[in-house]
Protein chains: 2
Amino acid sequence: MSTVRGARERARIEVTAAIKDEARRRLAAEGAAKLSLRAVARELGMVSSALYRYFPSRDELLTALIIDAYDSLGAAAEEADSRALAAGAAPRDRWIAACEAVRAWALAHPHEYALVYGSPVPGYSAPADTIGPASRVGNVLIGVVRAAYEGRGLALPPLPPVLGPEAARMAADFAEDLPPAAVAALVAAWAQLAGLVSFELFGQFQGVVEERAAFFTHAAGQLAHGVGLPAV
Amino acid sequence: MSTVRGARERARIEVTAAIKDEARRRLAAEGAAKLSLRAVARELGMVSSALYRYFPSRDELLTALIIDAYDSLGAAAEEADSRALAAGAAPRDRWIAACEAVRAWALAHPHEYALVYGSPVPGYSAPADTIGPASRVGNVLIGVVRAAYEGRGLALPPLPPVLGPEAARMAADFAEDLPPAAVAALVAAWAQLAGLVSFELFGQFQGVVEERAAFFTHAAGQLAHGVGLPAV
DNA sequence: CCAAAGCAAGAGCACCGCTCTCGAAACGGA
DNA sequence: TCCGTTTCGAGAGCGGTGCTCTTGCTTTGG
């Protein structure tokens, strides 16, 4: 698969990784707005123009970091769910574990979280390369709901008629074995989860919520209820 | 009150407003990241250094825009709720109307919404001047829940014991006449509402949700249920 | 072995936030 | 009315940015 042909390709891969590492370091330290190519190059002992051999623009570098962040966040959620599953947790507890993993990752990597779920930094438009890694968290949540559905079933209110076709389409696209109402609820819960994490991370809870971990766990439990997971 | 003493103060007020207007225009056109003092000054026919007589830094200009955005958003929510109230709407419908007003404002002013609910742009720290205007949306939601509470009461699940003191504190701070469980649910719903709007605005629903207005209305209804509003 | 391709380096362009100085204008008390 | 004080716009300038182009050097592969 990834047969490295010569010293040149090897060097290219190494330098590309070094650039991303240094960029990630500066991103964590100062945020995306202050991430400068020149500073990254300086820290790596190269001149700024040399960096353009590896990334055609600052935005492309940021996009690479975004993809890595999606992957890292997705892996964290997957791992937390796997751990909960191995411990024999009920769907509701797996759900909460996944949500808490997302929150923990966000608190540990605030600027990377802002990069993926905050306001889009460049002109606009998340490139198509990001949609794959971006869905990993969603897939974890889908898996939890699927397990509950195949077990005791889901407790969901009926969908309003106007949303019927839309929910059916979403179900066909993302989880054809689940009821459309469950898929629609899942998408909403996913966005709401991000809202809870973003508010805490971006300081909106300052002076409002103090016991943030407990509050979040409670809210995640409410989200679990919202997607029909049994309370057991 | 605001007696303008001389031509100097009058000019200062006018120029300050003109700067903010032009900055808002450029913000709407290109986003906060690309808002430059020099471009604003250029468009206003002044030299960039002159602008520092009115705003000590770019961040201070952005802060002023943030405060205005909070106020504009809050006014939109208040107006929508008042209209619903005047039309004799039930609390649940007032709630949905307020949520839809927030979404509509966000869609109409995406960059300003990103400024207040997206990732914090400058170094950090929302200044203290923003907390007043920031609470207007929250107050609307509180008012709707209060009306329901004083009417038929609220249908809320019990709070986990660990959150008892925290919820009581939040209730004392923001709505002492409401049950702590309602206030806790309100805060969570507020964050979740922002999550729904942010996902739509920041492109996270691209390729996922198509019928966004209907989907949002449904999700807002679920949020209403989450804060205990009767379904009537 | 040698042409082609990849590479780092440097100079340079246009822009940025911000500071400082300077002269003109408005202000307000004597 | 005069005059010191304050406010203001303009200009030059500093250090920084993203990005481009040219210039040679090195690796590559036929």
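The structure displayed is predicted, hence computed values, not measured ones.
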Between [X] ([atom1]) and [N] ([atom2]), how many Å, whole number?
X: L61(A); N: dT17(D); atom1: CG; atom2: P; answer: 14 Å
X: I19(B); N: dG9(D); atom1: CD1; atom2: P; answer: 8 Å
X: E30(B); N: dC16(C); atom1: CD; atom2: C1'; answer: 14 Å
X: K34(A); N: dC18(C); atom1: NZ; atom2: C1'; answer: 13 Å
X: E9(B); N: dT6(D); atom1: CD; atom2: P; answer: 15 Å
X: R38(B); N: dT19(C); atom1: CZ; atom2: P; answer: 13 Å
X: L35(B); N: dC18(C); atom1: CG; atom2: P; answer: 12 Å
X: L37(A); N: dC16(C); atom1: CG; atom2: P; answer: 18 Å

Could you tell me whether the phosphate oxygens of dA10(D), OP1 or OP2, come under 4.0 Å of any side-chain nitrogen or oxygen in R42(B)?
no

Ignoring hydrogens and angles, are the base of dG6(C) and the side chain of R12(A) linked by a donor-acceptor pair under 3.5 Å?
no

Can you find a donor-acceptor N/O pair under 3.5 angstrom joining the side chain of R8(A) to the base of dT27(D)?
yes

Please list, in numerical order, the residues of residues 45-54 of chain B that have a heavy atom closer than 4.0 Å to any atom of DNA chain C.
S48(B), S49(B), Y52(B)

Closest to the side chain of R58(A), out of dC19(D), dT17(D), dC16(C), is dC19(D)

By side chain to side chain donor-acceptor pair (under 3.5 Å) - contacts of R42(A) (at least two apart)
none

Closest approach of Y113(A) to A106(A) (non-hydrogen atoms, all atoms of both residues):
CD1-CB, 3.5 Å

R146(B) and A175(B): which non-hydrogen atoms are nearest, and at how many Å?
NH2-CB, 3.8 Å

Short N-O contact, R169(B) and E166(B), less than 4.0 angstrom
yes

Please check if any side-chain donor atom of T217(B) sits under 3.5 Å from a side-chain acceptor atom of E100(B), or the reverse.
yes

The answer to which of V15(B) and A39(A) contacts DNA chain D further toward the 5' end, by nearest nucleotide, is V15(B)

Q206(B) versus F199(B): any side-chain heavy-atom pair under 4.5 Å?
no

Donor-acceptor pairs under 3.5 Å, side chain of residues 14-22 of chain B to any protein atom, not counting sequence neighbours: which ones?
{"from": "T16(B)", "atom 1": "OG1", "to": "R12(B)", "atom 2": "O", "distance (Å)": "2.7"}
{"from": "K20(B)", "atom 1": "NZ", "to": "D68(B)", "atom 2": "OD2", "distance (Å)": "3.0"}
{"from": "D21(B)", "atom 1": "OD1", "to": "R24(B)", "atom 2": "NH2", "distance (Å)": "3.3"}
{"from": "E22(B)", "atom 1": "OE1", "to": "R25(B)", "atom 2": "NH1", "distance (Å)": "2.5"}

